[in-house]
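Below is one structure, written out as structure tokens; comments come after it.
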Amino acid sequence: MTIATREHDAQPAHSSAGADLDARRLDRDEHDEGSAARLAEAMGLLPHEYQTIRSALERIPTHEELAVFSGMWSEHCSYKSTRHLLATLPKEGRGVLAGPGSHAGVVDVGEGWAVAFKIESHNHPSAVEPYQGAATGVGGILRDVIAQGARPCALLDFLCFGNAQSPQTARIQRGVVAGIAGYGNAIGIPNIGGRTQHHPGYEGNPLVNALAAGLIRPHAQRTARAHGTGNVVLLVGAATGRDGILGAAFASEALGSQEQNRTRRSHIQVGDPFAGKLLMEAVLSFPAELGPVAVQDLGACGIACATFEMAALGGVGMDVDLSSVPLREADMTALEIFLSESQERFALVVQPEHVPAALEHFRSVGLTAAAIAVLTDSGRVRVRKEQSVCIDLPARLVAGGAPASRFAIAAALPPLPELPADHNTPHEPLLTTLQKLLAQCADAEPIYSQFDQTVGNRTVCGPGQASAAVLRLPDSMRGVALTLSGRGDLCAVDPYRGAQAALAEATRRLACVGAELLAITDGLNFASPRDPIEHRRIAEVIAGLGDGLRQLGVPVTGGNVSLYNESPRGPIPPTPMVGALGVVPDVRKVPRARLQAGHTLLVLGELSDEPGAAQYTRLRYGSDVGSPRCDLSAEQRVARLLCALIAADAVAGLSAVTQGGLVIALAKLCLRSDIGAALSLPASPRPHFQAFGEQPAQVLAWLDRQRVAALRQLADVHAVPYHVLGEVGGSDFQLVGHGALTMRELRTAWRGNAPDAARTSTQRSAGTHVS
Amino acid sequence: MTHFEVIVQPRPGVRDPQADAISAAMHDSGYDGCSAQSVGRFLLLSVDEADSEQAAAKARAVCEGMLVNPLLETYVLRSAAKPAASAVYREGQP
Amino acid sequence: MTPAAAVNDSGRGRGRTPRAAVVVFPGSNGDRDLLEALNLSGFSARLHPAHMALPADVDLVGLPGGFSYGDYWRAGMLASRARAVQSLPAWLAAGGLVIGVCNGFQILVEAGILPGALSYNQPPRFVHRWIEVEVTPAALRNQSPWFGQARVGDRLRMPIAHAEGRYVHPQGDDVIATRVPLVYCENPNGSLADTAAVLDDSGRVLGIMPHPERACEAVLGSDDGAALFQSARQFLTSQESA
């Protein structure tokens, strides 16, 4: 995972502006050892990092060079605190064509197609400016997939916010959802699934992660590996302004008068999906006869990152001339141009004879394009503006040369918070708990209905239609399934098992649409690794993921780590997000998550009332307690059964039991299908944990009564227990022995009392349906 | 009642995709020599306050507290004699 | 005179697959979807750049969904000035069918080819949802080529995906009675009288807010939308053989 991400980590040292340093006075001549070291520190470089730079260069680095190191050796570009942990994750697997280190992981999905996919975070920008933060996050992850050579075909989003009731959460959530919609809808990539979670631990530090997937022919992959002395680097897309040059490198820059500051300061990055669309089409349609030799999207640290990484990957050098960069604002300094994070830009390497045609390819659709650098055999990136060279550094020292961080790590986590002793006694009527929990697992339709889910004409199952999203491959009945899972609340109590619970849920969700888990992309969101306890949590999550993946035989093909997610209230819960990919052999067989009257409902997997960490436990005790329940072997057995059931057309529908547990899954299914059910569970001393305990490896199945025997036979073959719950029908949600709620009462709990203002007109009388 | 015109515009230097696209479209449509410099928003604001000083203070408060995102936008507040014609246009009555 | 007969020499001809052009504006994103739906329904369809006048050798022109020019300023306004749209009235005079889907509908009203306007949804946000529309008597009034296979009261299931789809018109009632072939069964956007689609006087130009091109295959959720394209093809081929 050496490719840069565009997350701005709010590293404490980076945000401390060196207010007493006037960088402009520090030109090379008067730049002495002491002032350079102080400047490095003010820019967030650690003392041992400065020493590494100093001894590698054998001279005092310039101000501009230190700024480049500050950005490129930041956590988000170098993974310096986590790469030794990430190295332990399994990366090899069936069908993996590109893994970590590529723009996006690529997996062969058959019939001559492969899927490029990756998840990325944009947490801190979204906290500062929710709409643009989320919009540019979507734009950024799409460019990763495009840089790999794939045409984007799907977006998914994983959002974590603070208390659902707080006004701050409402404001941030509104902006984030609108930002994802604003960029994704306009560029025309369907948003086919997502998770939204609320937990007090995210108050003031939302998590906004987006996953993009694209279709690609396996041989058409592109790379960032620049090669060929004399080849030319083109910068294409939007013009460059003072965008997103935040904290890190500019802590010491240009601290003039207030007024001067206001006009000169770095601007919030603004996404432009229209330019993004033009650029996407132009990059994807770039003529094969013009190359390109290498492609790189521009994200964090802008041109700096693109040039250093492409040069380092290819083992070449580059002479960069910043005077040729098309600018949006006058009077930009070399450093501003080099580190700007203006959106909607790519870098391409082409052979010199192709430069005019390549530039015209982009200019003809209204994009800017310019030749900004030439490849050399020096292994160094030299940067000049007009005639003055301000940066001259070895590519591999800057990109990939950051020494590993050695922050202290706690030997062990504090003991797990135990369940209070009264957990063995029921505390309130089951249906009361159901209503409270439903309100917490509220209907996500108001969110996902703001996203275009069907543009592109591939969506077989979108949000709310199945346990995982399903897309059809071009001219085929084969499909790919994608889903997101992850639970910060479970990882807060047990990061190791919580991480594995995310893998378990991914396996279960994919199996519900008949897909076997092939590969994952991981979005890891953590607090500060400088805190020994948090550092231990990071290590435990990654260990849990690694052990779980090895047990499942599944690789990680890439991902993202976001650190320093903290608010004044404290660290966020460690939140690994699993983006899972599988193949659906025949999309016509995917069962729909919709009940019909007369169906028999069963739960596949073991019924259990073991107490553990769950949404219910937090509801009851006000905090995350107990240990998450997880059993990957059981998940694998259930998944094999589900794929067999679907292949044999043996069920009408399947739905995974996830957050909230068995009865929440039943209630949501009835609500989505707009029909009641009469259900019974076996007597239990802990009925709440049986109903809401999030027991492992459970899936709801429904089918015609006369077909139950055939299902039982297959379940026995796969050694999966099952239990008949009852019959579908009527307008009540009935739990034998616990009473009943009307569907209206259930819906009020789920959606709240606010009527959906979008559905205002009178119902028309039913007519005939055109077939 | 005191009336104000509020004009909200992107901060100088902040990327203005709307202006860029409109400029491109004007050029594509043959309106040569025209370009959009800045696309903003217009609001006719009425404040239920007779004293002009107090009304202006209230207007500034609503601009800075809600209507304007200082990270991205700047605004101009102008007093208006009476609601402009566009504000009393009702749908279906051009 | 039929569209095919009108320009027989320039390429429209008898007894062959009808031809269609889908106009691609900068920012269109439903162009491929519309192209595929037309091909699936028996057309020979191709993409056509918006900066060029419409070709004479096609029987049908499709204006696709998407965000032409980013939907900036007013959805469809900037695209309605493109040369392809400016050449539309002359192209229509020679016969031929036009469908504008979603952003294409917005472009048609901005160009003045269809009456009324499309304004911000009520509530004011983008909405994607699978909905049903119902065929009204107006669909059959002028023997619109788009509804040859439809009966009054038929319900068609297809997705909507738009932020500016609330149809408004100063003289609402007259338009509704004669020009609105499809109404929403549940109004998703505050459209006047549940209007989901509008026809021009001739019945040959259809602007439609929902996406029939995304509802042409059962495996993707519905194939009800194919009825529109098949009706259009049937009309064109029967005109040719008449």
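Just so we're on the same page: letters track the sequence lines, and every chain starts at 1.
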Identify the two heavy atoms, one from A:Gly271 and one from B:Pro17, that lie closest to each other, and give their separation to 0.1 Å. O-CG, 3.8 Å
Toward chain A, the part of B:Ala24 with a non-hydrogen atom under 4.5 Å: neither
Below 4.5 Å from any heavy atom of chain A, which atoms of B:Asp16 appear? Answer side chain, backbone, both or neither. neither
Which atom pair, heavy atoms only, marks the closest approach of B:Gly13 to A:Asp243? O-OD1, 4.5 Å
Would A:Asp272 and B:Arg15 pass as an ion pair if we require N to O under 4.0 Å? yes
Rounded to the nearest 0.5 Å, what separation is found between the CG atom of B:Leu71 and the OH atom of A:Tyr131? 15.5 Å
Which value, rounded to the nearest 0.5 Å, describes the distance between B:Leu72 atom CG and A:Gln132 atom CD? 6.0 Å
Taking it one step at a time, do B:Val14 and A:Ile268 satisfy side chain to side chain contact (heavy atoms under 4.5 Å, CB included)? CA-CA 7 Å; B:Val14 168; A:Ile268 295 274; over 6 Å; no
How about A:Arg363: does its CZ atom have over 12 heavy atoms from other parts shown lying under 6.0 Å from it? yes
